[in-house]
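Working notes, structure below.
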Amino acid sequence: MRGIALVDLKAAHAEVEQEVREGFERVLACTGFVGGAEVAAFEQEFAAFGEVRHCVGVANGTDALELVLRALGLGPGDEAVLPANTFAATAEAVALTGARPVLVDCDEDYLIDVEAAAAAVGPRTKAVLPVHLYGQLAPVERLGALLEGGSARIVEDAAQCQGGRRLGRQAGVGGVAATSFYPGKNLGAYGDAGAVLTDDAELAEAVRILANHGGRSKYEHVVVGRNSRLDALQAVVLRAKLKRLAGWNEARRAAAARYDALLAGQDLVRTPTVLEGNEHVWHLYVVKVGEPGDGGSRRDAVVEKLNAEGIGAGVHYPFPLHLTPAFAHLGYGPGAFPRAEDAADRILSLPLHPHLTADEQERVVEALLAAVG
Ligand SMILES: *Cc1c(COP(=O)(O)O)cnc(C)c1O
């Protein structure tokens, strides 16, 4: 039997292939490989899609986060608060500025615990980074209310929620968000790419300058910048895929609802919940298995069985950041963030992408229930 992939980039490519080839021809004909008309058009189209005033294309999502933090003035001696259960990039971006990542636990929806985040804010805190994990937005309005009156800015890590909404609003509206177009994201390039989204013209300009060797134009260097530009071939791909993104997100929602229905009425697999007020875009469909304190043995066995049957189950992510060697120096030990640690031991991601069929989902659930039973 054919395997069932966690994400199916081939099916997505088949839909856009013609447009991508034509776009590549346009770029090859004019040899404008970095920046240029395709990039400018994509930035406008993605800003319109996200309902923000400004989109600045950069080289990847990690850079997008780091450049925003740098533009906000983060550096050595400063702190930024973020959840322990995120992809390493969120913490790397903080560390790359020279600031210190301050970790907090997540809530039952795997989103940043906003009360814990507000409590972790101190005199050195310049930013708090809610991560819109798995495709739904963290409760940024609650975080904003808790931070009101202080000087810490909210920087949204929107790498996993392109098109998602909370209380009608997308990431970055009224503030600033960084996103990634790594190929496996809901909107993925054919290589690395990322963007900063904001209504703040000054902040957008500061990021643009930092990402372009510190200047607006060639050989103008007003600050020490670097190179983190979006290239035209990636912009071609992103423009073609952006046209389908709303439909693809709709297909993801339908697939998530199908998993919910197939997994209803049993108690060995905890299905994901949607925070009230959210329009989820299901970057990942993350279930929880096993028992608290089982050290991940049950989950690992389930993933192994699924993989052995050709089902591309994955774990996002198997270690909370404080238990990785890279961030051990922050000084948090085991037990520091119980919800993040429990999640890391018990979660697994089922195959989910816009081209997944109902038949495939039935096979996944059958194999999953057999593996946990
Ligand atoms: C993918 C991702 C990033 C970073 O993106 P890159 O483009 O790979 O640098 C940051 N944060 C989260 C939560 C991500 O999933």
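Remember, it's 1-based here, ligands and their atoms both numbered in the order they're listed.
Between Phe87 and His316, a ring centre-to-centre spacing not shorter than 6.0 Å is recorded. No close placement of the Tyr317 and Tyr110 rings is indicated, their centers lying 6.0 Å or farther apart.
For a threshold of 3.5 Å applied to N or O pairs, the pair formed by Lys185 and ligand 1 contains at least one separation below that value. In terms of polar-atom proximity, Phe87 is not counted as a contact of ligand 1, lacking any N or O under 3.5 Å from an N or O of the ligand.
Here atom 8 (O) of ligand 1 lies nearest to Ser180 when heavy atoms of Ala88, Ala89, Ser180 are compared.
Using a 4.0 angstrom heavy-atom cutoff, His132 does not count as in contact with ligand 1.
Contacts with ligand 1 closer than 4.0 Å are made by side-chain heavy atoms of Asp157 only, the backbone lying farther away. Residue contacts with ligand 1, taken as heavy atom pairs separated by less than 4.0 Å, do not involve Leu133 at all.
Counting heavy atoms from C-beta on, the side chains of Leu129 and Thr90 come closer than 4.5 Å.
Residue Val131 approaches ligand 1 through these ligand atoms, each under 4.0 Å from one of its heavy atoms: 13 (C). Atoms of ligand 1 lying under 4.0 Å from any heavy atom of Thr62, numbered from 1 in the order shown and given with element: 4 (C), 5 (O), 6 (P), 9 (O).
Looking at Asp260 and Thr271, their side chains never bring a donor and an acceptor atom within 3.5 Å of each other.
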- request: Determine, step by step, whether Val128 and Val121 satisfy the side-chain contact (heavy atoms from CB on, under 4.5 Å) criterion, reporting the C-alpha distance in whole Å, the side-chain angles of both residues, the deciding distance to 0.1 Å, and the verdict.
  value: CA-CA 8 Å; Val128 178; Val121 169; 3.9 Å; yes
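In Phe319, the CZ atom is not crowded: 12 or fewer heavy atoms of neighbouring residues, nucleotides or ligands sit closer than 6.0 Å.
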